[in-house]
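Structure record follows, encoded as structure tokens.
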Amino acid sequence: MGQKTNPIGLRLGINRTWFSNWFDERRFSEKLTEDLMLRRYLEQRLHNAGVARVEIERTLKQITVNIHTARPGIVIGRKGADVEKLRAELKSLSGKEVQLNILEIKLPELEASLVAESLAQQLTGRVSFRRAMKRALQATRRMGAEGVKIICKGRLGGAEMARREMYKDGRIPLHTLRADIDYSLKVAYTTYGTIGVKVWICKGEVLGKGETARTENQKGGSRPVRRRSNSRPNRRHDNR
């Protein structure tokens, strides 16, 4: 369960909620398809704005779109010109009135989607994957994360055979449902193939009423663990 289940989907209704807040039993498929179309369009339109997630709420005649971004100035534009243009584009796509809310993310290092997207962009730019993973791990731990795990899989460094590299620091209790764990999967498109990037970030444990428990540990004390899936243990052969 801890390895194969999406941590966000596993915790829906416990300490996470849905990114689309609406219900329509008769036209559910149409609205779901429309939500996917709006998310894809916003992801392509604002690929440089550091968008972490898009929340959609619906009424009978209006769609409310909440965009959580680390760079709100790029989305809003000068004197709000870009956000008005974006609202008109979404209105033409959906055919309904659209209300846009731009919400700033103050700690982008604690958002798994932003960390994974940054890693994917660095891998596309031919940055050393080990250096990029270590920097992302240290930056996230420095901002107060209780645990971080990063996995890159593919033809790392242009190698002939694909492999998997993992760096882990702190605790990431995937089986603990009260743990606040953020997860994201991104793909880096390089000249020698695609590389998958997975990021898990543990922010503590939710005890109730929005309270989060954090342990006072590991602020630079522990060392990151590097593992390789295809590594073989050293064996000594005794010929006697």
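If you're wondering where the values come from, they're calculated on a predicted model, not measured in any experiment.
- Between the side chain of T69 and the backbone N or O of A49, at least one donor-acceptor pair lies under 3.5 Å.
- When atom types are taken as modelled, the side chain of K149 and the backbone of I172 share no donor-acceptor pair closer than 3.5 angstrom.
- More than 12 non-hydrogen atoms from other residues, nucleotides or ligands lie less than 6.0 angstrom from CZ of R53.
- Put simply, the side chain of H68 does not reach to within 4.5 Å of the side chain of V51, judged on heavy atoms.
- Counting only heavy atoms from C-beta outward, the side chains of K96 and Q62 never approach each other to under 4.5 Å.
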Stepwise side-chain hydrogen bond (donor to acceptor under 3.5 Å, both in side chains) check, R39 with S20: CA-CA 11 Å; R39 291 181 194 278; S20 294; 2.6 Å; yes

S118 vs Q122, side-chain hydrogen bond (donor to acceptor under 3.5 Å, both in side chains): CA-CA, chis, key distance, verdict: CA-CA 6 Å; S118 175; Q122 293 181 59; 3.2 Å; yes

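- In the displayed structure, R126 atom CZ is contacted under 6.0 Å by at most 12 heavy atoms of other residues, nucleotides or ligands.
- Two residues are said to be in side-chain contact when any heavy atoms from C-beta on lie closer than 4.5 Å; L12 and L10 fail this criterion.
- At distances below 3.5 Å, at least one donor-acceptor pair connects side-chain atoms of R11 with backbone N or O atoms of T176.
- For R16 (side chain) and I181 (main-chain N/O), a donor-acceptor pair under 3.5 Å exists by modelled atom type.
- Crowding of E43 atom CD: a count of heavy atoms from other residues, nucleotides or ligands under 6.0 Å not exceeding 12.
- Side-chain N or O atoms of T64 include none that pairs as donor or acceptor with a backbone N or O of Q99 at under 3.5 Å.
- With respect to the salt-bridge test (charged N to carboxylate O, under 4.0 angstrom), the residues K91 and E89 do not qualify.
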